[in-house]
Number of protein chains: 2
Amino acid sequence: MMFATILKIDLTKIALNYQKLSRLLGKNECGAVVKADAYGVGLKPVVETLTENGCRSFFVATLDEALTFRSWSKDFNLYMLHGVKNNEEAFISYQHNIIPVLNSEKQVRVWSSFCSYKSLKLKAILHLETGLGRLGIQKSELIKIMPDINNINVTHIMSHLACADEPEHSLNQIQLSNLKYYIPIFPNAKVSLANSAGIFLGNDFHFDLARPGCSLYGINPCKAAYGELHFALSIYAVVLQKKILEIHQSVGYGAEHQAKRGDKILIIEVGYADGYFRSLKNHGYGFFAGKKLPIIGRISMDMIALDANSLTEVEFANVSQVEMMGENISLEYLASSAKTISYEVLTALSKRYKRIYIK
Amino acid sequence: MMFATILKIDLTKIALNYQKLSRLLGKNECGAVVKADAYGVGLKPVVETLTENGCRSFFVATLDEALTFRSWSKDFNLYMLHGVKNNEEAFISYQHNIIPVLNSEKQVRVWSSFCSYKSLKLKAILHLETGLGRLGIQKSELIKIMPDINNINVTHIMSHLACADEPEHSLNQIQLSNLKYYIPIFPNAKVSLANSAGIFLGNDFHFDLARPGCSLYGINPCKAAYGELHFALSIYAVVLQKKILEIHQSVGYGAEHQAKRGDKILIIEVGYADGYFRSLKNHGYGFFAGKKLPIIGRISMDMIALDANSLTEVEFANVSQVEMMGENISLEYLASSAKTISYEVLTALSKRYKRIYIK
C-alpha cells in the first residue's frame, strides 16, 4: 500500500447539494459550472455524480476543458463560457458539439460567419452585459450585431451577477432590470442568470437555467446558504516523521520558530506546492484525536511541522495521518486565515493529492 | 489554431543556469531537485534539458513523482526525498531503481529490514538533522540504529540548510560544523548539503553533491545570485474581450472598481484558478507595447480586467495577448506583491496554461 496524503471527496454530499439547489429552483433547470477541473475537485467524477442526479447542462471555461469533457462523454449540453475566439475554434466546437457562450461583438461575428459557411443555424448562448463589467455584450454593440445574431440559434441569453453574495446590494436589482430589458428582444430564447449565490436571492433571479458552481461542493456562496449545503472535501496528511527534540533548536526555514528539548513534532507531507498557502503559517493547524496541532515554523514546499505536544504518548505513537481540512477545519477558516475566499483554496488544491472519491 | 493563455518556458535558460551552477561547484557533482513537477515547470522537459547538460542525479519528493519519472526514464540516479514509509513502498522503490533518502529511525528500519529480506545491501542516502528541525535523524537516534544502517549501502549522508539565503546567519556555520561531526562516522559515504542558496555560500558548503532546485529556473535564491541566473518563464494571457465602456459602471465582483464611460478595458484569460493569486489585485498589471496595464476590480477565477486606457487606438486594435509575467514583470515582483516567495508563485502555476517549451 502506498501511503500518501489524501484529498477525500464525498460525492454523496455533492449529490445532496445538487438536489438541494434543484429543489430551490423548482421547475427551472439546474445546470452546473465545472470549469477549472470542477473547481479543483475533479471533472469526471463530479460530472458523473451530477448526471446521475439529473443534471443535463454543464459549463466549462475554455476549449481545452470542453474537449476533455467530450473525450469521455458525447452527451449533455456542454457550454463553453469563454466562447470562440476564431474560426478554427468555431470549427472544433462544432465538431465536438460544444455550445459557445458568445461574449463580445467579435465572438458573435466569428460564430455567425461560421454558421453562414455551414449553412446551419448553430446553437449559442448570448452573454449580455448588465453590470458586472467583465465579459458580455453592451447595449449599443448589440444593435450593431443584430444581423449576425439572426444567423445564430440563440438558445439562451445570459448575464452574470456581480454582488449576488450581498443580497442588499443595489446592483442586484439593477442587473435584474437590465436583463429584463433584453428578454422581449429574444422571445424564443430562454434566460440564464443565477450563479450559486443568485439561487439564494430568490425566485426573481432564477429564470430558466441556473449555473451554480461553488455551492455544488458545499462552499457557502452567501449567508442564506449557511446550513443548507454539505461540504464535500477533506484532507488527511500523512506523517513523514515523528520527532521528540533532543536539544533546544529552531524549526524550519529562516529559523523563525524556537522549539524546546522534549517537544513532540510531526513532519507531515503537505506544503505550499499542494496549494496549502504559505500565508497559513500563523493560523493553520492539524487535527488528531480531538486536538488541534498548530503549525510551527514556515510552511515548506512539500512539508509542514506541527506542534504535537498536546498528544499523549499513546496518541503520538499511533498518529499516522492528520486532518488538515474537513470536519474539524473548515474551508472557510482556511480561506479567511489566508485572507482570500474559499474558491481560491479549492482551485489551488494540487494534483499531487491522492484523490479518493466516496460514492 | 487554438488560442490559449501561454506559459512559455525557455529551456535554453534552464541549461545556462545548470551550467553556471556546475561551474561554481567545480569538480563536485551538480544534481537537480525536480519535485512538485519540477516546481511547476514540467518534469520531463526539464529533466531532458538537464541530462543533455550532464546532470545525472535527480531528487523528487514522493513515490508518485519517482514513478512518473521512471515511467519514461530508467536511467540516472533517482533519489526520493520523502523516503520509504513501509515495506510496500520499499519494494516498489527497489523494483523501479529508486533510491530513498532515509529521514528517520523508522525509515532506516524499513529499508534495513527490506535489505535483509532481499539479502542485498541496497543504496540509500542518510538524512541527518543538523539544525533545520524538519526531516532528519537526530544524534542519539543515530546511535540506536547503527546496526540497521550497517545493512544499507549508504552512498551519501545529507543535510538541509535552514538559512542559506542569509549568508551571515549563524545557523549556517552551526549546521556545517554539525554535519562535519558525522563525516568520519561514514568514511565511505559521499556528502550532500547545498541547496541553491548553499551553492552561493562558497566552497565550504559544496561537498560532493549539490541539490539546486529553484535556481535552475532562474529564481534568485539569495543576493549573491543576482545577475548570475536567467529567469526561464513568461506568461502571455489571451484577450477574451476588448471593451470601450458605454456608461459609467463598476467592474468585477463586489463592484469595487468604478470605471468611466469611454474607458478601454481588456478582459484576459487568466485568473486565480491558474495560480495568479487574488491578492495581486492592487499590484499586478499586464504589459503590452511598452505600457503597464493595471488590474482593475477583483481577480476572478478565470479572468482579469485590465485598464487599457494608456493604449493608443492602433495598439488597442492590435492587442491579442498581454504579458503577465516575464521580461517586464518579474516573478520576484509578483511574489513580493502577493506577500510570499517566488517558489510559491511557481508551484501555483496551473496545468491549464498551454505550456510552450523553447529549445
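Each chain gets a letter, A, B and so on, in the order its sequence line appears, and its residues count up from 1.
- Using a 4.5 Å cut-off between heavy atoms, B/Leu240 contacts chain A through both its backbone and its side chain.
- Contacts between A/Lys106 and chain B at a heavy-atom distance below 4.5 Å are absent for every atom of the residue.
- Using a 4.5 Å cut-off between heavy atoms, B/His160 touches chain A through its side chain atoms alone.
- Contact annotation for B/Ile304: neither backbone nor side-chain heavy atoms come within less than 4.5 Å of a heavy atom of chain A.
- When each of B/Ile174, B/Leu346, B/Leu135 is checked for heavy-atom pairs under 4.5 Å with chain A, B/Leu135 comes out on top.
- For A/Glu246, the parts lying under 4.5 angstrom from a heavy atom of chain B are both the backbone and the side chain.
- Using a 4.5 Å cut-off between heavy atoms, A/Leu171 contacts chain B through its side chain alone, with no backbone atom that close.
- Ranked by heavy-atom pairs under 4.5 Å with chain A, the list B/Lys339, B/Arg278, B/Met303 is led by B/Arg278.
- Annotation for B/Tyr253: atom OH counts as buried by contact number, over 12 foreign heavy atoms lying within 6.0 Å.
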Checklist entry - Where do B/Thr62 and A/Arg352 land on the side chain to side chain donor-acceptor pair (under 3.5 Å) test, with the steps shown first? => result CA-CA 9 Å; B/Thr62 68; A/Arg352 202 158 59 169; 5.6 Å; no

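- The most heavy-atom pairs under 4.5 Å with chain B, out of A/Ala348, A/Ser300, A/Gly271, come from A/Ser300.
- Ring-plane geometry between A/Tyr343 and A/Tyr39 is classed as tilted, the angle between the planes lying from 30 to 60 degrees on a 0 to 90 degree scale.
- For A/Glu141, the parts sitting under 4.5 Å from any heavy atom of chain B are the backbone and the side chain alike.
- By the 4.5 Å heavy-atom criterion applied to side chains, A/Val60 and A/Leu81 are not counted as neighbours.
- Listed options B/Ser140, B/Ala61, B/Gly131, B/Cys163 were ranked by heavy-atom pairs under 4.5 angstrom with chain A; first place goes to B/Ser140.
- Interface remark: A/Val238 contributes side-chain atoms only to the contact with chain B (heavy atom separation under 4.5 Å).
- Between the B/Ser159 side chain and the B/Leu128 main chain, a donor and an acceptor come within less than 3.5 Å of each other.
- Two residues are said to be in side-chain contact when any heavy atoms from C-beta on lie closer than 4.5 Å; B/Leu280 and B/Ser337 meet this criterion.
- Contact of the A/Asn172 side chain with the A/Glu168 side chain is not registered, since no non-hydrogen atoms from C-beta on lie closer than 4.5 Å.
- Only the side chain of B/His169 comes within less than 4.5 Å of a heavy atom in chain A; its backbone stays farther off.
- Of the two parts of B/Ala36, the backbone and the side chain both hold a non-hydrogen atom closer than 4.5 Å to a non-hydrogen atom of chain A.
- Only the side chain of B/Glu166 comes within less than 4.5 Å of a heavy atom of chain A; its backbone N, CA, C and O stay farther away.
- For the pair B/Lys139 and B/Tyr181, the distance from NZ or CZ to the six-membered ring centre is under 6.0 Å and the angle to the ring normal is within 45 degrees.
- Using a 4.5 Å cut-off on side-chain heavy atoms (C-beta onward), A/Gln138 and B/Leu245 make contact.
- Atom CD of A/Gln241 and atom NE2 of B/His82 lie 11.5 Å apart (nearest 0.5 Å).
- The choice from B/Ile247, B/Ile265, B/Asp274, B/Ile244 that makes the most heavy-atom pairs within less than 4.5 Å of chain A is B/Ile244.
- Of the atoms belonging to A/Ile299, not a single heavy atom falls under 4.5 Å from chain B.
- Using a 4.5 Å cut-off between heavy atoms, A/Ile296 makes no contact with chain B at all.
- Note on A/Gln107, A/Gln249, A/Arg298: by heavy-atom pairs under 4.5 Å with chain B, the leading option is A/Gln249.
- Between chain A and the residues B/Lys242, B/Glu65, B/Lys85, the largest count of heavy-atom pairs under 4.5 Å involves B/Lys85.
- The backbone N or O of A/Ile137 lies less than 3.5 Å from no partner atom in the side chain of A/Glu105, so there is not a single donor-acceptor pair.
- Options B/Ala305, B/Gly297, B/Gly254, B/Ser320 differ in how many heavy-atom pairs under 4.5 Å they form with chain A, and the most are formed by B/Gly254.
- The backbone N or O of A/Arg261 lies less than 3.5 Å from a partner atom in the side chain of A/His248, making a donor-acceptor pair.
- Here A/Lys351 pairs with A/Asp37 in a salt bridge; the nearest charged N to carboxylate O distance falls below 4.0 Å.
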